[in-house]
Amino acid sequence: MTEVADGPSITEQLALLREPLRFPPIEIFPFGDDHVDALRQSCAADPDIWTIYPVCMTGEHFARTLAMLRGFERWAMMAICREGGTLGMSSFILPTTGDHLEIGATFIDPSLRGTGCNRIVKQLMIDRAFALGYEAVEFKVDTRNARSMRAVEKLGATLVTVRHRDMTTWTGHCRDTAVYRLDKMAWQTRRP
C-alpha cells in the first residue's frame with residue numbers, strides 16, 4: 001500500500017499503524033515521551049547486543065539515537081509495554097514504493113526473551129499491517145544476529161536475499177543484511 005491519489009496519505013497510514021495493539025499482558029502504544037526513561041533502562045540492561053545493531057541505544061548514544069529514530073517521517077515507532085511498564089520498542093516502516101511495509105528497529109528487554117513476548121508483538125504488528133491492506137511485511141536483519149533470523153523464520157518469513165556489505169553500523173562494521181518477506185497469503189495459512 002503506497003500513497004496514491006485516492007488512497008490514504010502517508011500521515012493517514014501512519015496514524016492507522018499507530019493505533020494501540022493489545023494481547024494482555026502485552027500492549028503496544030505509539031512511542032511517547034513517557035516511555036523514554038523506561039526504554040533507556042531496558043536498553044542499558046543488555047549493553048552487548050548493541051554491537052550487532054545498526055545503532056547504539058546505551059549511554060551517551062541513547063538520546064541522539066532515539067531522537068533520530070523518532071524523527072524518521074515514514075516510521076511509526078511503537079513502545080512495547082507489559083503491565084504498565086515500557087520494556088521495548090519496534091517500528092512500522094513505510095517504503096517509498098511497493099505494497100509492503102517493514103517491521104524493524106525492534107528491541108525487547110532481555111527479561112522478556114524466551115517468554116513469547118516477541119512473537120506476540122510481531123503477530124499483533126503483522127495482523128495490523130495485513131488488516132490495513134499491505135500485501136507483505138519485510139524484516140531486515142544483520143546476518144550476525146542469528147536469534148532474530150530464527151525468530152522471523154518461525155513466523156513464516158522467507159529469506160529473499162542477503163545484501164552483502166549493505167550498511168555501516170555505529171561500530172564501523174560493514175554488515176550483511178538478510179532481507180525476509182512474509183506474504184499475506186502465507187501468513188493467513190500459517191498464522192499461529
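The structure presented is a predicted model; accordingly, all values stated were derived computationally and were not measured. One is the number of the first residue; the rest follow in order along the sequence.
Within the structure, every pair that satisfies the salt bridge (Lys or Arg N to Asp or Glu O under 4.0 Å) test and touches residues 9-26, not counting sequence neighbours, is listed here: Arg22-Glu27. Applying the salt bridge (Lys or Arg N to Asp or Glu O under 4.0 Å) test to every pair with at least one member in residues 40-61, sequence neighbours left out, gives these pairs: Asp46-Arg113.
Listed for the Thr143 side chain is no donor-acceptor partner under 3.5 Å among the backbone atoms of Ala178. Checking side-chain atoms of Thr189 against main-chain N and O of Met185 turns up a donor-acceptor pair under 3.5 Å. In this structure a side-chain-to-backbone donor-acceptor pair under 3.5 Å is present from Thr115 to Leu112.
A heavy-atom distance below 4.5 Å is found between the side chains of Ile126 and Phe139. Counting heavy atoms from C-beta on, the side chains of Asn118 and Thr106 come closer than 4.5 Å. With contacts defined as side-chain heavy-atom distances shorter than 4.5 Å, the pair Ile28/Pro20 does not qualify. Looking only at side-chain heavy atoms (C-beta outward), Thr96 and Arg74 come within less than 4.5 Å of each other. Side chains of Ile108 and Arg82 form no contact here, defined as non-hydrogen atoms less than 4.5 Å apart. Looking only at side-chain heavy atoms (C-beta outward), Asp142 and Pro54 stay at 4.5 Å or farther from each other.
The side chain to side chain donor-acceptor pair (under 3.5 Å) search around Thr177 returns Asp166, Arg175, not counting sequence neighbours. Every residue meeting the ring pair (Phe, Tyr, Trp, His ring centres under 6.0 Å) condition with Trp75, not counting sequence neighbours, appears here in chain and number order: Phe72. For Phe23, the ring pair (Phe, Tyr, Trp, His ring centres under 6.0 Å) criterion is met by no residue, not counting sequence neighbours. Residues satisfying the ring pair (Phe, Tyr, Trp, His ring centres under 6.0 Å) criterion with Phe31, sequence neighbours excluded, are His35. In this structure Asp183 satisfies the salt bridge (Lys or Arg N to Asp or Glu O under 4.0 Å) test together with Arg181, sequence neighbours excluded. Remark: His173 pairs with no residue by the ring pair (Phe, Tyr, Trp, His ring centres under 6.0 Å) rule, at least two apart or across chains. Applying the side chain to side chain donor-acceptor pair (under 3.5 Å) rule to Tyr180 yields the partners Glu153; only residues at least two apart in sequence or on another chain are considered. Taking the side chain to side chain donor-acceptor pair (under 3.5 Å) definition, one finds that Asn145 meets it with Ser148, sequence neighbours left out. With sequence neighbours excluded, no residue forms a salt bridge (Lys or Arg N to Asp or Glu O under 4.0 Å) with Asp37.
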| task | Check the pair Trp170 / Tyr53 against ring pair (Phe, Tyr, Trp, His ring centres under 6.0 Å), numbers first and verdict last. | result | CA-CA 8 Å; Trp170 72 278; Tyr53 271 55; over 10 Å; no

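Considering all non-hydrogen atoms of both residues, Cys81 and Phe29 come closest at SG-CD1, 3.8 Å. Nearest heavy atom pair, residue Pro47 against residue Thr58, reads CA-CG2, 4.4 Å. Looking at every heavy atom in both residues, Met78 comes nearest to Leu17 through CE-O, 3.9 Å. The two residues Val141 and Met149 have their closest heavy-atom pair at CG1-CG, 3.6 Å. For the residue pair Arg128 and Leu21, the shortest heavy atom distance occurs at NH2-CD2, 2.9 Å.
Put simply, CG on Leu14 and CZ on Phe92 are 10.5 Å apart, with the number rounded to the nearest 0.5 Å.
Counting side-chain heavy-atom gaps under 4.5 Å among Ile, Leu, Val, Met, Phe, Trp and Tyr, Met167 is found in no cluster with other residues.
Taking the charged nitrogens against the carboxylate oxygens, Lys184 and Asp99 have no contact shorter than 4.0 Å, which rules out a salt bridge.
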